[in-house]
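Pasting a structure below so you can have a look.
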Protein chains: 4
Amino acid sequence: MYIRLDQSSGSPLYLQIVDQVKTMIAGGALRAGDRLPTVRELASELVVNPNTIAHAYQQLERERVVETRRGLGSFVSAAEPVLSLSARRDRVAALLDRALVEAHHVDLDADEVRMLLEERLLEMANAEQSIELAPSK
Amino acid sequence: MYIRLDQSSGSPLYLQIVDQVKTMIAGGALRAGDRLPTVRELASELVVNPNTIAHAYQQLERERVVETRRGLGSFVSAAEPVLSLSARRDRVAALLDRALVEAHHVDLDADEVRMLLEERLLEMANAEQSIELAPSK
Amino acid sequence: MYIRLDQSSGSPLYLQIVDQVKTMIAGGALRAGDRLPTVRELASELVVNPNTIAHAYQQLERERVVETRRGLGSFVSAAEPVLSLSARRDRVAALLDRALVEAHHVDLDADEVRMLLEERLLEMANAEQSIELAPSK
Amino acid sequence: MYIRLDQSSGSPLYLQIVDQVKTMIAGGALRAGDRLPTVRELASELVVNPNTIAHAYQQLERERVVETRRGLGSFVSAAEPVLSLSARRDRVAALLDRALVEAHHVDLDADEVRMLLEERLLEMANAEQSIELAPSK
DNA sequence: GTGGTCTAGACCACT
DNA sequence: GTGGTCTAGACCACG
């Protein structure tokens with residue numbers, strides 16, 4: 001599970017988690033029956049208080065997105081149909097737009113944004129690899 | 001000014017306002033020198049407390065996006081950015097990261113993100129231009 | 001923390017707090033990583049509304065002078081400045097101008113101001129050093 | 001009269017004027033019987049609403065620092081004894097300290113502050129000259 | 001009438 | 001218990 005939290009975004013951490021889990025399900029990265037990390041695992045991975053993770057999981061359960069089975073963990077419920085390609089593109093485009101608005105305000109031009117994108121793609125590829133190489137729990 | 005607040009989104013109201021004003025400026029809907037609605041006007045329009053609007057405007061002022069003149073109101077600023085280049089890059093990179101995490105979650109690869117970026121860059125350039133060409137009222 | 005407010009000075013209370021915290025840091029009385037008093041503590045100590053303290057702390061946070069960690073408190077930051085060199089010079093130049101206007105008003109010439117500057121530079125360097133040499137408690 | 005206003009200092013404009021007039025009297029730049037500029041003159045010189053100047057003059061009159069004679073203008077009352085040299089130095093030193101605190105926070109070293117001081121001294125000397133060369137009213 | 005500051009007090013997110 | 005957000009409403013500085 002690649003969840004990334006932005007501590008300075010102003011939006012609540014637990015909602016960032018809820019949204020990203022939902023997105024992974026909608027995008028097909030998580031499927032019905034898949035097990036989520038335990039509260040403690042995710043808390044130590046994200047360097048966040050376990051209560052915050054628990055809060056997020058409770059919210060997901062309340063919305064019937066996941067089911068918690070005592071002693072076993074939390075599992076993705078029967079999932080909605082995966083989003084269409086254009087719907088998935090729209091979600092990414094909306095976030096790109098926010099980055100472009102900010103770029104406009106800090107006076108970075110298109111080329112600089114392209115360079116930043118390549119830089120971040122590289123960085124994320126590396127991060128992903130190091131996670132995959134780490135012992136899976 | 002068409003600002004829409006989502007009272008149930010969890011994201012602070014004042015930040016929603018800040019983001020939407022920035023978006024309108026980046027898209028050309030607001031231009032340097034334009035006057036924003038008064039705090040009290042916008043507060044009654046959006047049905048929120050005037051302090052909430054004031055908070056948003058002060059945030060915009062601190063980011064040099066608007067300038068407020070006491071007794072006159074708030075105006076879109078023409079000032080160049082005061083942040084260092086690296087700080088400006090960091091802000092945009094953080095938002096690109098959010099988009100990339102979303103792309104990963106909905107299973108879009110690097111090339112698809114690059115194409116989306118080009119598409120959004122074009123769209124934004126067009127939006128700005130079409131407003132510039134429109135008859136000013 | 002010894003902060004003194006002048007309720008009748010006309011200068012906003014929250015700015016008086018901001019200035020005094022900055023002075024304590026520049027003088028070495030507060031060091032990177034030190035925790036500031038909690039909002040509620042300082043509010044009751046200074047007999048002002050907690051919102052006023054919160055406003056001051058948020059201002060300090062925006063200037064990267066302190067970092068606040070939710071649920072933990074506010075800490076003196078070790079971050080380097082994010083403003084561009086020219087913006088940083090402008091801030092200091094504006095304050096030097098105020099000193100020079102004052103010097104003009106009380107009929108001190110350029111050489112006397114230069115001498116005073118050297119004196120204050122020495123004083124500040126000593127203040128910082130003597131605290132560093134003092135036994136930490 | 002060299003009065004300088006800082007629009008972004010947070011402290012009220014009318015108080016900045018009051019303080020600077022008082023300082024000029026304490027420093028000997030203004031003497032008992034000297035006439036102050038008219039409200040309109042000063043307002044246009046400082047690019048400020050005349051009400052603001054009037055407010056400042058009323059405050060000075062309330063404190064018996066100046067006397068207004070109908071149709072003639074405002075005049076400095078019998079002045080207090082001029083400040084001692086050390087008292088005048090202290091006032092300038094206090095303002096230099098504020099500049100040095102800010103310099104510390106934006107990471108400018110002593111040499112950079114010295115250079116800025118020379119730059120501002122030059123600038124002010126030029127400004128002064130151009131005022132003297134302008135037709136006195 | 002414009003925005004800014006301050007108080008008072010509620011509720012929320014996080015540790 | 002920590003800080004953050006929001007409401008409500010008073011008073012001030014400025015044009």
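So you know, we letter chains A, B, ... as the sequences are listed, proteins then strands, and number each from 1.
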- N/O donor-acceptor pair, side chain C:Arg40 with base F:dG3, under 3.5 angstrom: yes
Review item, side-chain donor-acceptor pairs of residues 99-106 of chain D, under 3.5 Å, at least two apart:
unit_1	atom_1	unit_2	atom_2	d
D:Glu102	OE1	C:Lys22	NZ	3.1
D:Glu102	OE2	C:Arg91	NE	2.8
D:Glu102	OE2	C:Arg91	NH2	3.0
D:His105	NE2	C:Lys22	O	2.8

- Task: Provide, to the nearest angstrom, the distance between the CG atom belonging to D:Leu15 and the C1' atom belonging to F:dA13.
- Result: 10 Å
- Task: Among E:dT15, E:dC14, E:dT5, find the nucleotide with the atom closest to the side chain of A:Asn49.
- Result: E:dT15
- Item | Atom pair distance, as rounded to whole Å: CG in B:Leu60 and C1' in E:dG4 | 16 Å
- B:Ser74 side chain, from C-beta outward: closest of E:dA13, F:dG4, E:dG3: E:dG3
- Residue-phosphate contact under 4.0 Å: C:Thr68 side-chain N/O, F:dG4 OP1/OP2: yes
- Note on the structure: Per atom distances to the C:Arg70 side chain, the nearest of F:dG3, F:dA13, E:dC14 is E:dC14
- Message: For B:Ser11 and D:His55, find the nucleotide of DNA chain F closest to each by heavy atoms; which residue's nucleotide sits nearer the 5' end?
- Response: B:Ser11
- Note on the structure: Walking DNA chain E from its 5' end, the first of B:Asn51 and A:Val48 to be reached, judged by nearest nucleotide, is B:Asn51
- Message: From CD1 of C:Ile53 over to P of F:dG3, roughly how many Å is that when rounded to an integer?
- Response: 10 Å
- Item | Atom-pair distance (CG on D:Leu46; C1' on F:dC14), nearest Å | 14 Å
- Message: Can you measure C:Glu67 atom CD to F:dT2 atom C1' for me and round it to whole angstrom units?
- Response: 16 Å
- Item | Nucleotide of F:dG15, E:dG4, F:dT2 approaching B:Leu72 most closely (side-chain heavy atoms) | F:dG15
- Item | Paired nucleotide for F:dC14 [Watson-Crick or G-U wobble; both distances under 3.5 Å] | E:dG1
- Where each residue is assigned the nucleotide of DNA chain E containing its nearest heavy atom, which of B:Val39 and A:Tyr14 is assigned the position nearer the 5′ end? B:Val39
- Rounded distance (Å) that lies between atom P of F:dC14 and atom CG of D:Asp6: 12 Å
- Note on the structure: Picking from E:dT5, E:dT2, F:dG3, the nucleotide nearest the side-chain atoms of C:Tyr57 would be F:dG3
- Note on the structure: Atom CD1 of D:Ile17 and atom P of F:dA13 are separated, to the nearest Å, by 13 Å
- Among F:dC6, F:dC14, F:dG3, the nucleotide that comes nearest once only the side chain of B:Leu13 is considered: F:dC6
- Message: Under 4.0 Å from OP1 or OP2 of E:dA13: is there any side-chain N or O of A:Thr52 that close?
- Response: no
- Please tell me which of the listed nucleotides, F:dG4, E:dA13, E:dG4, lies nearest to the side chain of B:Gln58? E:dG4
- Query: Going by an N to O cut-off under 4.0 Å, is there a salt bridge joining A:Asp6 and B:Arg98?
  - Reply: no
- Among E:dT2, F:dC14, F:dT5, find the nucleotide with the atom closest to the side chain of B:Pro12. F:dT5
- Please report, rounded to the nearest Å, how far the P atom of F:dG3 is from the CZ atom of C:Arg35. 6 Å
- Message: Test your reading of the model: is there a side-chain donor-acceptor pair from D:Arg35 to the backbone of D:Leu72, 3.5 Å cut-off?
- Response: yes
- Item | Residue pair D:His55 / D:Leu13, side-chain heavy-atom distance below 4.5 Å | no
- Item | B:Tyr57 side chain reached by B:Val39 side chain, heavy atoms, under 4.5 Å | yes
- Query: Would the number of heavy atoms belonging to other residues, nucleotides or ligands and lying under 6.0 Å from CZ of B:Arg62 be above 12?
  - Reply: yes
- Message: Closest-nucleotide mapping onto DNA chain F: is C:Pro37 or B:Arg69 further toward the 5' terminus? I mean the 5' end.
- Response: C:Pro37
